[in-house]
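Everything quoted here is computed from the prediction, not taken from an experiment. Numbers for residues simply follow the sequence, beginning at 1. First listed ligand is number 1; within each ligand, the first listed atom is number 1.
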Amino acid sequence: MTDSVTLNDGTTIPQLGFGTYLVDPKDAVETVGTAIDVGYRHIDTAQGYRNEAEVGEAIANSGIARDEFYVTSKLTNSNHLRDDVLRSFDETLEKLRLDRLDLFLIHWPLPTRYDGDFVSTWKAMLELLEDGRLSSVGVSNFQPDHLEQIMDATGVAPVVNQIEVHPYFRNESARIASHEHAIAVEAWGPLGQGAVLNDETIAEIARDVDRAPSQVILRWHLQRGDIIFPKSMRRERMEENMGLFDFGLTEEQIARIDALDQGANGRQGPDPDTFDMV
Ligand SMILES: NC(=O)c1ccc[n+]([C@@H]2O[C@H](COP(=O)([O-])OP(=O)(O)OC[C@H]3O[C@@H](n4cnc5c(N)ncnc54)[C@H](OP(=O)(O)O)[C@@H]3O)[C@@H](O)[C@H]2O)c1
C-alpha cells in the first residue's frame, strides 16, 4: 500500500506512516485504531506524547500481527542520562506492549543542557541495540554539527534524522548533511502543522492535478524521498493522506512548491540549537 525506504542498517521502513503528536491520550486508542483500520502500519509516537500506552492498546486491539507494524518512539528530554535511557526504554516497550521496537530516536539534541553532552546519550542509545529488543536507532532535530559530533565519537550514523520539513521550511542544510551520511530524512510537520494547507500555489497545483491540497504537499515530500507521518484526528483526512500513490507531480510543480521556502522564518517548531525544554 505504501513504498518502503531502505535504511543504512539494511532495515526497511514504510515511507508513509501516522503521526501521533497532540493525539490526546483520551482519544488515542480510538484515533490510532481508526488509522490502523484505514491501513496505516507505521506509527510514530514518543515518550513525550504521553500516548504510548494507548498506541500499544490500539495495536493490540487490531489483532494484526506485530511484524506488520513499524513502530517508532522517542527518548524524552528529561531522560538523556544513560541510566534513564535504559530504564525509560524498558517503560516504552512495556507501555507499547511490545517485546521489540523498530526505531528509537533521541527526540531533541538539547545542546544547552546536560553540559552539551548528547554524545553520551547517543552511546546509551547504541547499547540498546545489543539485546535484540531494538532494531534501529536514530535521532531527531539534529543539526549538521550535532550529527558530526555523534558520528565522530562512535563511528555510527543514525538511520534517520527526524526534522521539521515542509514547503515553508525546507530545512535543506540539515537534510543535505543527513544525506551525506546516508541518514534518511523523516519530515515532521509535513503539512506545516496545517500552515501550508491554505497556500495559494498549493491550491493552484491541487486544481491542476485534481487532488486535495494535503495530497499535493504530501506527494511533494514523497517525490523528494523523505519519510512522512501526517497526523489527523479524522478518518476522512487519514484516508485522503494515504491516497498518494496513484498520481505524480511534474518537475515544474515540484519547483514551484520548492520556491515557497521561507527559510528559518517558515519554521513552525522551535530551533534545535536553542530548544531546552526538559
Ligand atoms: N520529532 C519532533 O520533534 C516532532 C515534532 C512534531 C511532530 N512530530 C511527528 O510528526 C507528526 C506529524 O506532524 P504534526 O502532527 O506536528 O503536523 P502535520 O501532520 O503537518 O499537521 C497536522 C495538522 O494538519 C491537519 N490535517 C491533517 N491532515 C489533513 C487534511 N488531509 N486536510 C486538512 N487538514 C489536515 C490536522 O488536523 P486534524 O487532526 O484536526 O485533522 C492537524 O491540525 C507528528 O504527529 C509526530 O508524530 C515530530
Side-chain angles (χ1 to χ4, degrees), residues 13-25 27-28 30-32 34-35 38 40 42-52 54-55 70-77 96 102-110 118 138-143 146 158 160-171 174 178 183-199 202-203 206 211-222 226-244 266-278:
I13 181 171
Q15 196 180 4
L16 176 65
F18 184 71
T20 64
Y21 177 51
L22 297 183
V23 178
D24 193 285
D27 305 316
E30 187 182 345
T31 301
V32 176
T34 304
V38 163
Y40 291 89
H42 165 190
I43 298 168
D44 182 88
T45 182
Q47 293 175 346
Y49 300 169
R50 303 189 186 280
N51 58 20
E52 287 174 309
E54 290 75 15
V55 169
Y70 190 99
V71 184
T72 300
S73 193
K74 314 184 194 84
L75 180 82
T76 211
N77 293 348
L96 286 165
D102 295 282
L103 176 61
F104 197 43
L105 312 179
I106 302 179
H107 204 148
W108 290 90
L110 305 176
F118 44 76
V139 296
S140 177
N141 298 302
F142 270 47
Q143 301 282 48
H146 305 147
V160 303
N161 189 13
Q162 183 178 128
I163 52 177
E164 182 178 349
V165 179
H166 47 76
Y168 287 171
F169 181 54
R170 279 169 40 205
N171 206 348
S178 301
I183 301 166
V185 171
E186 295 193 327
W188 70 248
L191 301 170
Q193 301 187 317
V196 191
L197 283 162
N198 295 319
D199 185 89
I202 299 290
R211 291 286 171 151
S214 62
Q215 292 176 315
V216 168
I217 300 165
L218 297 174
R219 183 72 210 175
W220 171 82
H221 285 283
L222 293 185
D226 291 353
I227 297 158
I228 50 171
F229 22 83
K231 166 261 177 189
S232 177
M233 303 300 291
R234 291 160 59 166
R235 185 183 185 102
E236 66 275 16
R237 290 177 174 178
M238 296 175 192
E239 287 169 348
E240 188 170 88
N241 296 347
M242 278 209 105
L244 307 178
R267 270 193 199 282
Q268 304 299 307
D271 182 338
D273 281 320
T274 53
F275 185 62
D276 66 354
M277 195 184 75
V278 172

What is the minimum heavy-atom distance between Val165 and His221, and which atoms define it? O-CE1, 3.1 Å

Heavy-atom closest pair (Pro167 atom, Pro190 atom, distance to 0.1 Å) is CD-O, 4.1 Å

When rounded to the nearest 0.5 angstrom, what is the spacing between CZ in Arg50 and CG in Asp24? 11.5 Å

Within the heavy-atom cut-off of under 4.0 Å, ligand 1 is lined by Gly19, Thr20, Tyr21, Asp44, Tyr49, Lys74, His107, Trp108, Ser140, Asn141, Gln162, Trp188, Gly189, Pro190, Leu191, Gly192, Gln193, Gly194, Leu197, Ser214, Phe229, Pro230, Lys231, Ser232, Met233, Arg237, Glu240, Asn241

Quick check: are there more than 12 heavy atoms from other residues, nucleotides or ligands sitting under 6.0 Å from CZ of Arg267? yes

Count the heavy atoms belonging to other residues, nucleotides or ligands that lie under 6.0 Å from CD of Glu239, then report whether that count exceeds 12. yes

Which pair of non-hydrogen atoms, one from Glu164 and one from Gly269, has the smallest distance, and what is that distance? OE1-N, 3.0 Å

